[in-house]
Amino acid sequence: MEFAFSPEQEELVRTLRAFARRELAPRSAHYDRSGEFPWDLWRAMGELGLLGLRAPVQYGGQDADMVTMGIAIEEVARGDFACTYGIQLAGLAGEILGKNGSAELCTRWLPGTVAGEIVVALGLTEPGAGSDAANLACRAERQGDEYVITGEKSGISLAMAAQAVILFAKTDVTAKARGITAFLVPLDLPGVARQRLGDMGTRAVGRAVLSLDHVRIPASHRLGPEGTGFYQVMQGFDYNRLLIALACLGVAEISLEETIAYVKDRRAFGKTLATFEGVSFPLAEAATLIDAARWLCYRGLWLADRGEKYTKESAMAKWWAPKLAVETIHQCLLLHGHYGYTDELPFAQRLRDVIGLEIGDGTAEVMKIVVARELMGREFLPY
Ligand SMILES: Cc1cc2nc3c(=O)[nH]c(=O)nc-3n(C[C@H](O)[C@H](O)[C@H](O)COP(=O)(O)OP(=O)(O)OC[C@H]3O[C@@H](n4cnc5c(N)ncnc54)[C@H](O)[C@@H]3O)c2cc1C
């Protein structure tokens, strides 16, 4: 058993920690307030190779292992949570498009995504289908050499900035999950409309509703055979849930470190705050839980790299880590007293940001259904 990163991975941690501190953290509050998409940060991540980790090498990617993905997202989160969406979504695009798209589609979309010049969103959720993700209403109907897509996707991260979306639609309305097919849909086509949602957090990347009204795309934009879309996205979600968990923990870790420094310095009743057990015990508890959650995530990614099953670990980490991060950041905010409540310190923004991923990619309840299914078997599912 080896609980250590390799020397190369340690070097990656050092490089990205410095990048997050120098390039991301100083601009995070600005982008949160303005709601502008941080194209400069995306390009900077592209230059460092962070947006091509899961893309095939021939399209500029690195085909990196999952543990490396985990390190990248955990470190970037320490500087800016919104930027972790870049690693997630470019990773999913690299994976889904790279494995299922034609060479022509990959050549058109992947190098730009890897460079941080193109954003490809992922459109699964609909107004009437979130947790019950196979129950899609969006339809793709084959007409000769084209598909005609009609429907609405809701809550789609990055959708205001994106030039394309990997979209999931029903090609067989009589089937549930096996009737879902993935498509690459450019967002400048006639019939596409988008509307921004007024989110409480991660405002720099934002989310939107995408409406598609008889949008025509060439059949060559289908990703993989008909009926394989749900499988593709669920495979991606298995590891993406671990990445989300590590992103949340990255923010919790930096908050904890800053708070430890603060309470060692701030004085009350003639002593530093750190001297009071009412202050130090919650920090000790948070550090314990973060350490446990973090190693659960890396264990899941390690299993993934070995080609072993890790659905249970991924769902465990996804329900626990975002909740733990919310609780930790809340505690850190409180330990900064009234300063913690201002927008001069990052805790309020971090709290707003992290709450989003208690929901995104599957809520805690849905994750516990997955854990229970893996523990007890499908026959004990409620449906
Ligand atoms: C920050 C953020 C980013 C997102 N990004 C994307 C994106 O890029 N692409 C995309 O496609 N989607 C995205 N989503 C959508 C997200 O995946 C869905 O919001 C999520 O799957 C939950 O679906 P819902 O919102 O429809 O909630 P619902 O499914 O309506 O659930 C509402 C509540 O009921 C609970 N619930 C539902 N079913 C059960 C059950 N069987 N047992 C117990 N409780 C249950 C849920 O846990 C939840 O608390 C994002 C969401 C957020 C918040």
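Whatever order the structure lists them in is the order used to number ligands and atoms, beginning at 1.
- When non-hydrogen atoms are compared, ligand 1 lies under 4.0 Å from the side chain of I369 (C-beta onward) but not from its backbone.
- Between G128, S131, G155, it is G155 that holds the heavy atom closest to atom 13 (C) of ligand 1.
- Within the set K153, R207, M200, Q88, the minimum heavy-atom distance to atom 51 (C) of ligand 1 is found for R207.
- Within 6.0 Å of CZ in R194 there are more than 12 heavy atoms belonging to other residues, nucleotides or ligands.
- E104 CD: 12 or fewer foreign heavy atoms inside a 6.0 Å radius.
- Here the protein heavy atom with the shortest distance to atom 5 (N) of ligand 1 is S157 OG, 2.8 Å.
- Distance screen at 4.0 Å: atom 33 (C) of ligand 1 has no protein heavy-atom neighbour inside the cut-off.
- Within the 4.0 angstrom cut-off, atom 23 (O) of ligand 1 has one or more protein heavy-atom neighbours.
- In the displayed structure, K312 atom NZ is contacted under 6.0 Å by at most 12 heavy atoms of other residues, nucleotides or ligands.
- Pairing each heavy atom of M69 with each of L53, the nearest pair is SD-CB, 3.2 Å.
- When the shell of 6.0 Å around NZ of K264 is examined, it contains 12 or fewer heavy atoms from other residues, nucleotides or ligands.
- Proximity of T363 to ligand 1, defined as any heavy-atom pair under 4.0 Å, is confined to the side chain (atoms from C-beta onward).
- Because its NZ or CZ atom is both nearer than 6.0 Å to the ring centre of Y239 and within 45° of the ring axis, R54 counts as a cation-pi partner of that residue.
- When distances from atom 15 (C) of ligand 1 to the protein are checked, a heavy atom turns up under 4.0 Å.
- The closest heavy-atom contact to atom 43 (C) of ligand 1, among the options M367, E365, E126, comes from E365.
- The distance criterion of under 3.5 Å between nitrogen or oxygen atoms is met by L122 with respect to ligand 1.
- Residue F168 does not touch ligand 1, judged by heavy-atom distances below 4.0 Å.
- Geometrically, R350 engages F347 in a cation-pi contact, judged by NZ or CZ lying under 6.0 Å from the ring centre and within 45° of the ring axis.
- Distance check on atom 19 (O) of ligand 1: some protein heavy atom falls below the 4.0 Å cut-off.
- In this structure, Y231 places its OH atom where only 12 or fewer heavy-atom neighbours from other residues, nucleotides or ligands lie under 6.0 Å away.
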